[in-house]
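For reference, the structure is listed below as structure tokens.
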Amino acid sequence: MIQLTATPASALVDEPVHIRATGLTPFQIVLLQASLEDEMGNMFHSQAYYRANEVGEVDLEHASSLGGDYVGVHPMGLFWSLKPEKILTRLLKRDVMNSPFRVQLKLYNSNVILINKATADPIVSLTLERWYVAPGVTRIQVREGRLRGALFLPPGEGRFPGVIDLFGSIGGLIEFRASLLASHGFAALALAYCDYEDLPCPLEKVDLEYFEEAANFLLRHPKVFGPGIGVVSICKGAEIGLSMAIHLKQVRATVLINGPNFIFDAPQVYRGQIYQPLPHSPQLLSISALGLFEFRHIFEEARVEANQTSFLPIEKAQGHFLFIVGEEDKNINSKAHAEQATEQLRRNGKNNWTLLSYPGAGHLIYPPYSPLCCASKLSNFHFLIHWGGEVIPHAAAQEHSWKEIQKFLRKHLIPVVTSQL
């Protein structure tokens, strides 16, 4: 009897799943397909061909895909290679608390590609639940003063290391990374700063005192360790995260994912001081053969001509930095920016940084097993943005960097308890 198993059947989205098919004919070739429907009704699919071994088994821990969306031994390939039916649709979980993503796995005969899969019956199928929040994690809506966000707390009495989570120009309130951080023991504040409730859109200025209020709010919580917090940030959020580390003594550990080492678009304001953005060169915009906009080089002229005061004074920060760079980022020249920032630290006698640079990874480096989104449209733009990345190396970067992010935050935020003899 042919059986398809996947364990665990219900798990966090960043946890691996062991998939096996048994009872096949020895050396039989089969097609495994995964499908997922997001909260907007968009469908995502992946597929891979496998050959059973001499006892009629396909174990994705060891078996090599012969073709399809990927080739080789990739136990979680069916998840990170999911592609949208509606091209360039971004997979993004909005409601992290009340429902998982449900991934349907189906096993077909190898000739199914020659017929209509919509009408073909699989040999066997099953459904997996992929959650963005662990049991016992609580979510608290934050509307304190002008702060807007969601605070996720791990189960238990605490206390826990506190982290502010910032996304980029997508705007709104994005919660999936904060909910996963809470699932791994962090008190994580998903903080909105534009295009959410009464927050401005477009963002005309970045008021760092807003983020200072968020840091103090988090530190006042009885379940949060003091005296410092961490920041996890990407793109525009990483620009803000870097400025927070420079100006706010509360910030002790900052993760910067594919961000700049300067201000762009909107000026920053802090305690009466205005910090101007670096000018850009629109003529250096590139448009790919598919019509995707690539902004990677639009600041290059200004970077070459600018003096040192045009860049954020990272050497003034008292905390530690983890730079995460996708070398195939088409949106920001993030590798050059991170290397310039670390050189600035080195020149000033600082060694408070780690740089992780991933060949083949794109701009949107998310938690493990998230499908690569190489391009998409933001709601406040009329064009498609090329984020970059190659499927397999991008998946590897996500898996490795997520572990490193958690290790980095724990190292610098959890107080060291010294025994007294």
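- A ring-centre distance under 6.0 Å is not found for H394 and W80.
- Under the side-chain contact (heavy atoms from CB on, under 4.5 Å) test applied with S243, the options I314, L208, T254 reduce to a single match, L208.
- Side-chain contact, Q268 with E239: a donor N or O sits under 3.5 Å from an acceptor N or O.
- Aromatic pair Y366/F176: centroids less than 6.0 angstrom apart.
- Judged purely by distance below 3.5 Å, without hydrogens or angles, the side chains of D59 and H18 pair a donor atom with an acceptor atom.
- Side chain of S46 to main chain of L78: a donor-acceptor pair is present (N/O by atom type, distance under 3.5 Å, no hydrogens or angles).
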inquiry  = Pair I414, F160 - check side-chain contact (heavy atoms from CB on, under 4.5 Å), show working.
reply    = CA-CA 8 Å; I414 297 178; F160 308 104; over 6 Å; no

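- Ring centroid separation for the pair F217 and H221 does not come in under the 6.0 Å cut-off.
- A donor-acceptor contact shorter than 3.5 Å is absent between the side chain of N331 and the backbone of G388.
- Checking K93 against S179 by side-chain atom types alone, no donor-acceptor pair falls below 3.5 Å.
- Rounding to the nearest 0.5 angstrom, the gap separating the CG atom in L219 from the CD1 atom in I229 is 5.5 Å.
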task = Kindly indicate, with the supporting measurements, whether the criterion side-chain contact (heavy atoms from CB on, under 4.5 Å) is fulfilled by L285 and F293.
result = CA-CA 7 Å; L285 168 73; F293 281 48; 3.7 Å; yes

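- With a 6.0 Å radius and a threshold of 12 heavy atoms from other residues, nucleotides or ligands, N351 has its CG atom at or below the threshold.
- Contact annotation: the side chain of N352 approaches that of L345 to within less than 4.5 Å [non-hydrogen atoms, C-beta and beyond].
- No donor-acceptor distance shorter than 3.5 angstrom exists from the side chain of S281 to the backbone of Q283, with no hydrogens or angles considered.
- Shown here for V251 and M244, the closest heavy-atom pair between the two residues is CG2-O, 4.0 Å.
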ask   = Hey, mind stepping through E197 and R143 against salt bridge (Lys or Arg N to Asp or Glu O under 4.0 Å) and telling me if it holds?
value = CA-CA 10 Å; E197 294 188 348; R143 294 187 182 95; 2.6 Å; yes

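- The pair E213-R146 counts as a salt bridge, with a side-chain nitrogen and a carboxylate oxygen less than 4.0 angstrom apart.
- Between the R130 side chain and the E15 main chain, a donor and an acceptor come within less than 3.5 Å of each other.
- Counted by atom type alone, N216 and Q250 present one or more donor-acceptor pairs between their side chains at under 3.5 Å.
- Between V325 and L355, some side-chain heavy-atom pair lies under the 4.5 Å cut-off.
- No more than 12 heavy atoms of other residues, nucleotides or ligands lie within 6.0 Å of CD in E204, so this atom counts as exposed by the packing criterion.
- In this structure, D165 and F152 have side chains that are not in contact, with every pair of non-hydrogen atoms separated by 4.5 Å or more.
- Residue R90 places its CZ atom among more than 12 non-hydrogen atoms of other residues, nucleotides or ligands, all under 6.0 Å distant.
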task = Kindly determine whether R94 and E39 satisfy salt bridge (Lys or Arg N to Asp or Glu O under 4.0 Å), including the steps that lead there.
result = CA-CA 8 Å; R94 296 289 184 175; E39 292 152 316; 6.0 Å; no

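- Side chain of D195 to backbone of C201: no donor-acceptor contact under 3.5 angstrom is found.
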message = Set out, in order, the CA-CA distance, both residues' side-chain angles and the distance that settles side-chain contact (heavy atoms from CB on, under 4.5 Å) for L91 and N42, then state yes or no.
response = CA-CA 9 Å; L91 183 62; N42 299 304; over 6 Å; no

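- Proximity of I287 to L292: side-chain heavy atoms (C-beta onward) are nowhere separated by under 4.5 Å.
- A donor-acceptor contact under 3.5 angstrom links the side chains of E212 and Y270, judged on distance only.
- Between F295 and F383, the ring-plane angle classifies as tilted under the 30° and 60° cut-offs.
- Side-chain atoms of D329 and S334 form a donor-acceptor pair, as typed in the model, at a separation below 3.5 Å.
- By the 30° and 60° cut-offs, the orientation of the rings of Y358 relative to H400 is perpendicular.
- You'll find the side chain of E339 stays beyond 4.5 Å of the side chain of E343, heavy atoms only.
- No side-chain N or O of E57 forms a donor-acceptor pair with one of T22 less than 3.5 Å apart.
- Atom CD1 of I274 is separated from atom CD of Q276 by 6.5 Å, given to the nearest 0.5 angstrom.
- Distance check, rounded to the nearest 0.5 Å: OG1 of T354 to NZ of K407 gives 10.0 Å.
- In this structure, the side chain of R296 does not engage the main chain of S286 through any donor-acceptor pair within 3.5 Å.
- In terms of heavy-atom proximity, G241 sits nearest to L166 at N-CD1, 4.2 Å.
- Aromatic ring centres of F101 and W131 lie farther apart than the 6.0 Å criterion allows.
- Rounded to the nearest 0.5 angstrom, L128 CG and L36 CG are separated by 10.5 Å.
- Salt bridge E294/K330: absent, no basic N to carboxylate O contact under 4.0 Å.
- The main-chain N or O of Q344 is never found under 3.5 Å from a side-chain atom of K350 such that the two would form a donor-acceptor pair.
- The two residues G172 and A192 have their closest heavy-atom pair at O-CB, 3.5 Å.
- When atom types are taken as modelled, the side chain of K83 and the backbone of H45 share no donor-acceptor pair closer than 3.5 angstrom.
- Contact of the S376 side chain with the W387 side chain is registered, since non-hydrogen atoms from C-beta on lie closer than 4.5 Å.
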message = Does E209 form a salt bridge (Lys or Arg N to Asp or Glu O under 4.0 Å) with R271? I'd like the steps, not just the answer.
response = CA-CA 7 Å; E209 290 181 43; R271 296 187 177 179; 5.4 Å; no

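- Residues R102 and T127 meet the side-chain proximity criterion, which asks for heavy atoms closer than 4.5 Å.
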Working for side-chain contact (heavy atoms from CB on, under 4.5 Å), residues V391 and Y70 = CA-CA 8 Å; V391 175; Y70 58 91; 6.0 Å; no

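- Ring geometry for F262 against F264 counts as perpendicular: the plane angle is over 60°, on a 0 to 90° scale with 30° as the lower cut.
- Side-chain polar atoms of Q340 and R303 form a donor-acceptor pair below 3.5 angstrom.
- Between S65 and Y50, some side-chain heavy-atom pair lies under the 4.5 Å cut-off.
- The CD1 atom of I263 sits 10.0 Å away from atom CD1 of I240, with the distance rounded to the nearest 0.5 Å.
- Side chain of Q3 to backbone of R20: no donor-acceptor contact under 3.5 angstrom is found.
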message = I'd like to know whether D38 forms a salt bridge (Lys or Arg N to Asp or Glu O under 4.0 Å) with K86, so could you lay out the CA-CA distance, the side-chain angles of the two residues, the decisive distance to 0.1 Å, and finally the verdict.
response = CA-CA 12 Å; D38 74 5; K86 185 180 177 182; over 6 Å; no

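- Taking every heavy atom of both residues into account, L4 and L126 meet most closely at O-CD2, 3.0 Å.
- The CD1 atom of I385 sits 8.5 Å away from atom NE2 of H363, with the distance rounded to the nearest 0.5 Å.
- Judged by distance alone, the side chain of T5 and the main-chain N or O of A21 form no donor-acceptor pair under 3.5 Å.
- A salt bridge is absent between K411 and E404; no separation between the charged side-chain nitrogens and carboxylate oxygens falls under 4.0 Å.
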